[in-house]
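Read through the structure below, which is laid out as structure tokens, and then see the notes.
These numbers were taken from a predicted model, which means no experiment stands behind them.
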Amino acid sequence: MKTPFKNIKRYREIIQILLKYGFDEILDRYGLDKYLKGGFKIFSKTKVKDVEHLTIQERVRKALEDLGPTFVKFGQMLSIRPEILPAKFIKELQKLQDQVAPFPTDAAISIIEEDLEQDIDTIFKEFEEEPHAAASLAQVHRAQLHNGEQVIVKVQRPNIRSKIESDLDLLYNMAKIISRNISSELMYQPSELIDEFKHWIKKELNFNQEARNIERFKNHFKDNQDIRIHSVYWDYSSSRIITMEYIDGIRISDIEKIEEAGLDRKKIARIGAEITLTQIFDYGFFHGDPHPGNILVLEGNLIAPMDFGLVGSLDKQ
């Protein structure tokens with residue numbers, strides 16, 4: 001049978017990684033072996049040593065990390081969907097925090113200069129070559145404007161859009177195969193999940209939209225003294241770049257550092273709950289990806305949400 005996949009090389013990479021973590025029985029069950037000449041035997045030597053000591057949840061999480069940005073993001077989407085996955089899977093997938101290797105700084109500078117049509121030294125007084133953080137879709141560099149203001153510059157990974165488009169095609173094809181083989185066992189159709197994910201990730205790739213989301217949140221909470229939302233510098237932003245006010249804080253899940261800083265955990269929890277309910281019930285516009293890596297705690301028990309690429313909204317009905 002002729003494979004329906006356009007990118008057979010990437011398809012083989014995916015199969016190899018899944019086999020690496022011991023998912024050969026599942027792949028065989030879904031009938032995926034028919035699309036590879038010679039079946040899975042050619043990959044049998046790639047299995048991770050001692051994989052049998054990992055839980056199924058750990059193997060899924062590690063496989064998603066190895067599969068790259070598209071699959072990490074897909075796992076993150078599933079990590080906030082307890083109606084789809086059991087609690088043990090949710091807990092493990094919540095560890096997918098986008099901690100990936102940075103891409104070359106020269107590439108980041110090229111994107112900045114291309115989009116803003118100026119040399120990096122003209123745009124910024126200082127630009128740190130060492131990335132401040134790196135995620136699956138982008139990386140962040142600290143910088144200083146010529147007026148002395150400290151900022152962070154979020155730069156999209158080179159060619160990430162085309163890579164995600166390619167992986168989405170593969171995911172759709174794999175979803176069709178799975179549906180044909182075990183459709184009666186599924187509460188949700190795989191293709192519907194991929195549709196939702198496609199809508200989700202395309203929003204995240206539009207940095208202009210993320211900048212508008214930040215401005216909207218900032219306006220909603222302008223009179224709230226318990227939350228800090230960074231400002232956007234529109235003159236230094238584009239569809240692939242966001243330049244924002246630099247905010248330094250403690251990750252909300254780092255209990256030890258929170259206590260060392262003398263902050264009030266109960267007050268932080270109450271403020272977090274109030275902010276969440278205010279987003280939903282007062283404004284019908286809420287942060288759609290509130291994992292621990294996206295929430296900082298500041299001096300004075302302030303909460304600073306980060307990364308507004310994914311948001312949700314509710315109408316009055």
Side-chain angles (χ1 to χ4, degrees), residues 69-70 72-85 90 93-94 96-98 135-138 152 154 156 160-161 164-165 168 171-172 187-234 237-245 247 252 268-296 302-317:
T70 308
V72 168
K73 284 294 176 183
F74 187 56
Q76 286 182 335
M77 183 190 82
L78 293 176
S79 76
I80 55 173
R81 299 294 297 274
E83 80 280 15
I84 296 176
L85 290 178
I90 294 294
L93 292 182
Q94 286 173 346
L96 290 167
Q97 303 297 345
D98 275 0
S136 56
L137 299 186
I152 56 172
K154 182 177 177 179
Q156 201 165 101
I160 190 66
R161 297 183 188 216
I164 287 174
E165 286 287 349
L168 283 171
L171 280 169
Y172 272 118
M187 183 181 298
Y188 288 86
Q189 289 299 316
S191 58
E192 293 176 0
L193 282 177
I194 306 305
D195 282 336
E196 183 178 344
F197 174 60
K198 180 179 181 179
H199 178 71
W200 191 64
I201 199 166
K202 286 203 168 183
K203 280 188 173 182
E204 278 208 80
L205 286 170
N206 184 347
F207 283 7
N208 280 327
Q209 182 60 55
E210 180 176 350
R212 288 192 290 269
N213 293 339
I214 294 170
E215 295 280 276
R216 186 171 174 183
F217 271 97
K218 192 172 181 67
N219 183 59
H220 286 170
F221 289 97
K222 61 185 178 183
D223 297 322
N224 190 317
Q225 302 302 311
D226 293 323
I227 186 171
R228 173 87 176 272
I229 297 173
H230 43 213
S231 300
V232 175
Y233 295 85
W234 286 95
S237 301
S238 71
S239 63
R240 296 189 295 172
I241 307 160
I242 308 179
T243 299
M244 299 166 280
E245 171 191 8
I247 294 177
I252 200 166
I268 292 166
R270 179 182 57 77
I271 291 170
E274 288 176 353
I275 288 170
T276 300
L277 295 174
T278 299
Q279 290 176 56
I280 296 169
F281 293 109
D282 285 358
Y283 300 114
F285 183 72
F286 54 92
H287 197 298
D289 191 19
H291 65 70
N294 281 342
I295 306 173
L296 299 180
L302 272 66
I303 285 182
M306 316 294 285
D307 196 348
F308 293 83
L310 182 66
V311 297
S313 59
L314 300 170
D315 57 25
K316 289 188 179 297
Q317 182 179 357

Among side-chain atoms of N213 and Q209, is any donor-acceptor pair under 3.5 angstrom?
-> yes
Could you check if a side-chain atom of N208 sits within less than 4.5 angstrom of a side-chain atom of R212, using non-hydrogen atoms only?
-> yes
Please name all residues satisfying salt bridge (Lys or Arg N to Asp or Glu O under 4.0 Å) with R216, sequence neighbours left out, ordered by chain then number.
-> none
Sorted by chain and residue number, the side-chain contact (heavy atoms from CB on, under 4.5 Å) partners of E165 (sequence neighbours excluded) come out as K202
side-chain contact (heavy atoms from CB on, under 4.5 Å) partners for L205, two or more places apart | L137, Q156, I160, R161, I164
Taking the side chain as every heavy atom from C-beta outward, state whether T276 and F286 have any pair of such atoms under 4.5 Å apart.
-> no
Nearest 0.5 Å, what's the CD1-CG distance between I229 and L302?
-> 11.0 Å
Hits for side-chain contact (heavy atoms from CB on, under 4.5 Å) against F74, two or more places apart or cross-chain, chain-then-number order -> M77, L78, I194, F197
CD1 of I275 to CD1 of I303: how many Å apart, nearest 0.5 Å?
-> 4.5 Å
Donor-acceptor pairs under 3.5 angstrom involving side-chain atoms of residues 221-228: please list them, not counting sequence neighbours.
from : atom 1 : to   : atom 2 : distance (Å)
N224 : OD1    : D226 : N      : 2.8
R228 : NH2    : E245 : OE2    : 2.5

Heavy-atom closest pair (A138 atom, F207 atom, distance to 0.1 Å) is CB-CZ, 3.9 Å
Looking at residues at least two apart in the chain, or sitting in another chain, which of them share a side-chain contact (heavy atoms from CB on, under 4.5 Å) with S238?
-> D115, R240, I241
Answer yes or no: is there a side-chain heavy-atom contact under 4.5 Å between Y283 and L314?
-> no
Residue set satisfying side chain to side chain donor-acceptor pair (under 3.5 Å) with S237, at least two apart, ordered chain then number -> none
Does E204 have any side chain to side chain donor-acceptor pair (under 3.5 Å) partners at least two apart in sequence or in another chain, and if so, which?
-> K73
Applying side chain to side chain contact (heavy atoms under 4.5 Å, CB included), run through M306 and K154 and close with a yes or a no.
-> CA-CA 12 Å; M306 316 294 285; K154 182 177 177 179; over 6 Å; no
By ring-ring contact (aromatic ring centres under 6.0 Å, His included), H287 pairs with (sequence neighbours left out) F308
Taking all heavy atoms of V72 and all of L96, pick out the closest pair and write down the distance.
-> O-CD1, 4.1 Å
Distance col, row I295:CD1 vs D307:CG, nearest 0.5 angstrom, shows 11.0 Å
Please list, chain by chain and in numerical order, all residues satisfying side chain to side chain donor-acceptor pair (under 3.5 Å) with Y233, sequence neighbours excluded.
-> E149
To the nearest 0.5 Å, what is the distance between CG (L296) and NE2 (H230)?
-> 9.5 Å
Provide the full list of salt bridge (charged side-chain N to carboxylate O under 4.0 Å, His left out) pairs with a residue in residues 274-288, sequence neighbours left out, each pair given once.
-> R270-E274
How long is the gap from CD1 on I90 to CD1 on I84, to the nearest 0.5 Å?
-> 8.0 Å
Straight-line distance of I242 CD1 to I214 CD1, nearest 0.5 Å = 5.0 Å
For P290 and G288, work out which heavy atoms get closest and say how close.
-> CD-C, 3.5 Å
